[in-house]
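I have placed the structure first, in the form of structure tokens, so that the comments after it can refer back to it.
Naming convention: chains lettered A, B, ... in sequence-line order (proteins, then strands); numbering from 1 in each chain.
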Number of protein chains: 2
Amino acid sequence: MVSPAKKRQTGCPIAFGLDTFGDRWSLLIIRDLMLKHKKTYREFLDADEAIATNILADRLKHLETEGIIKKSRDPENRRSFLYSLTEKGCDLAPIILEIIQWSGKYDLRTFARRDVLKRIEKDRDAVIAEIRSGQADKDNQTIGSHRTKSPR
Amino acid sequence: MVSPAKKRQTGCPIAFGLDTFGDRWSLLIIRDLMLKHKKTYREFLDADEAIATNILADRLKHLETEGIIKKSRDPENRRSFLYSLTEKGCDLAPIILEIIQWSGKYDLRTFARRDVLKRIEKDRDAVIAEIRSGQADKDNQTIGSHRTKSPR
DNA sequence: AAAATAACTTGCAAAAAGCAAGTTGTGTCT
DNA sequence: AGACACAACTTGCTTTTTGCAAGTTATTTT
């Protein structure tokens with residue numbers, strides 16, 4: 001198995017965070033779930049950063065094991081699966097937003113536009129609430145009924 | 001050269017952040033600078049997580065190139081150097097604090113104690129201010145003589 | 001002057017990442 | 001029904017990065 005980050009077991013909260021979501025790819029998957037409304041394996045594969053398929057499979061497994069994401073069958077297409085953030089995963093939103101703000105300040109080429117940054121700054125809680133509501137139901141999600149298209 | 005993270009150049013702020021400080025070790029060095037008052041090569045080497053010396057050298061170089069940390073001679077001992085956070089590095093504090101809070105919520109074994117978490121929650125700005133004041137002077141510091149007040 | 005210390009560098013083996021091709025379980029089309 | 005397509009992986013192999021041990025250079029310290 002290709003493991004992402006063996007546990008450092010040092011008791012430090014930063015090390016703990018790095019071990020669970022801090023490798024070269026995990027946060028990008030989380031970003032896709034959180035901000036780009038991606039849900040399927042194929043959508044993650046097609047990200048601009050071009051993750052390799054075996055690495056993607058490994059990271060999804062790892063994140064699921066860590067309880068950051070969950071996997072469920074697509075009720076409308078039995079050959080595909082839908083990934084979504086758990087509560088624990090949604091709680092990473094503040095970290096993601098802080099990274100966006102830092103990069104917004106220091107990366108001149110970043111695509112994070114002024115308006116997005118301003119929104120995060122002024123309406124942080126609403127942004128986070130939207131992220132949460134964008135994920136499937138906390139408990140037993142998307143059973144039967146139509147996939148509610150993500151509200152645009 | 002052992003490179004930490006080749007630039008993904010995708011324009012995404014998350015990818016940018018990961019490329020500059022998001023590898024398996026960089027954030028731990030930043031943590032040591034920010035929260036543990038470590039300043040020298042040896043102090044970083046002695047961290048609980050046991051970073052290899054070649055990797056440490058590489059990461060310090062990378063972080064310096066990225067403008068996150070700066071290196072200066074120790075005025076009191078000419079064989080050692082002092083590393084400190086730049087303004088850009090100090091601006092990572094909110095990210096670090098969010099990671100600590102997340103781990104504080106989800107890692108039962110974490111050493112981040114209640115009081116620390118509470119302090120971050122209630123007094124966030126003061127904590128960040130302390131981190132800033134803990135670093136060497138912003139401008140041209142520790143050159144030969146005693147620490148002179150930087151004209152600002 | 002010899003030993004110790006700080007900050008690295010070098011060389012090599014082991015682990016992880018990256019790439020291409022193959023597999024399995026569904027749907028879809030004719 | 002049979003052939004093809006597609007989603008989600010898995011496998012095998014090469015390249016890159018990491019981790020470890022030992023060595024180097026420039027100061028102190030004894």
* **Footprint string (nucleotides 24-30 of chain D, 5' to 3'): B base within contact, S backbone only, - free, heavy atoms under 4.0 Å** => ---BSS-

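Tyr83(A) has a side-chain polar atom (N or O) that falls below the 4.0 Å cut-off from OP1 or OP2 of dC9(D). Taking side-chain N and O atoms only, Arg24(B) has a distance below 4.0 Å to OP1 or OP2 of dG19(D). Between Trp25(B) and dT18(D) there is no side-chain polar atom (N or O) within less than 4.0 angstrom of OP1 or OP2. Side-chain N/O atoms of Tyr41(A) include none lying less than 4.0 angstrom from OP1 or OP2 on dT10(D).
A salt bridge links Arg8(B) with Asp19(B): at least one charged nitrogen is closer than 4.0 Å to a carboxylate oxygen. Classification of Asp74(B) and Arg78(B) as a salt-bridged pair fails, no side-chain N sitting under 4.0 Å from a carboxylate O. Taking the charged nitrogens against the carboxylate oxygens, Glu66(A) and Lys61(A) have no contact shorter than 4.0 Å, which rules out a salt bridge.
Going from atom CD1 of Ile55(A) over to atom C1' of dA8(D) covers 16 Å, rounded to whole Å. Rounded to whole Å, the distance from CG on Leu45(A) to P on dA21(C) is 16 Å. Rounded to an integer number of Å, the gap from Glu43(B) CD to dT5(C) P is 16 Å. In this structure, Phe44(B) atom CZ and dA7(C) atom C1' are separated by 12 Å, rounded to whole Å. dC8(C) atom P lies 12 Å from atom CG of Asp58(B), rounded to whole Å. When rounded to the nearest whole Å, the span between CG of Leu28(B) and P of dG19(D) equals 11 Å. Between Ile51(A) atom CD1 and dC9(D) atom C1' the separation is 13 Å, expressed in whole Å. Distance, Ile29(B) CD1 to dA7(C) P: 13 Å, rounded to whole Å.
Nearest approach of Pro94(B) to Glu98(A), heavy atoms of both residues: CB-OE1, 3.3 Å.
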* **Under the 3.5 Å Watson-Crick or G-U criterion, the dot-bracket string of DNA chain C, with | for inter-strand pairs** => ||||||||||||||||||||||||||||||

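Distance from the side chain of Arg59(A) is smallest to dA17(C) among dT9(C), dA17(C), dG18(C). Checked against dC9(D), dG19(D), dT9(C), the side chain of Phe81(A) finds its nearest nucleotide in dC9(D). When distances run from any side-chain atom of Lys71(A) to the nucleotides dC9(D), dC19(C), dT18(D), the shortest one goes to dC9(D).
With sequence neighbours left out, the ring pair (Phe, Tyr, Trp, His ring centres under 6.0 Å) criterion links Tyr106(A) to Trp102(A). By the side chain to side chain donor-acceptor pair (under 3.5 Å) test, Lys118(A) is found to be paired with no residue, residues two or more places apart in sequence or in another chain being considered.
Exactly one of Ile100(B), Leu97(B), Val116(B) qualifies for a side-chain contact (heavy atoms from CB on, under 4.5 Å) with Val127(B). That residue is Leu97(B).
Cation-pi check for Lys7(A) over Phe16(A) is met; the charged atom lies under 6.0 angstrom from the ring centroid and within 45 degrees of its normal. For the pair Lys71(A) and Tyr83(A), the cation-pi criterion (under 6.0 Å, within 45° of the ring axis) is not fulfilled.
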Throw together a table of side-chain donor-acceptor distances under 3.5 angstrom for residues 28-38 of chain B, partners on residues two or more places apart or in other chains.
residue	atom	partner	partner atom	Å
Arg31(B)	NH1	Glu49(B)	OE2	3.0
Arg31(B)	NH2	Glu49(B)	OE1	3.0
Lys38(B)	NZ	Glu43(B)	O	3.3

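Side-chain atoms of Tyr41(B) and Ser80(B) form no donor-acceptor pair, as typed in the model, at a separation below 3.5 Å.
Contact of the Asp23(A) side chain with the Arg24(B) side chain is not registered, since no non-hydrogen atoms from C-beta on lie closer than 4.5 Å.
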Pairwise N/O distances under 3.5 Å, protein to nucleotides 10-12 of chain C:
none

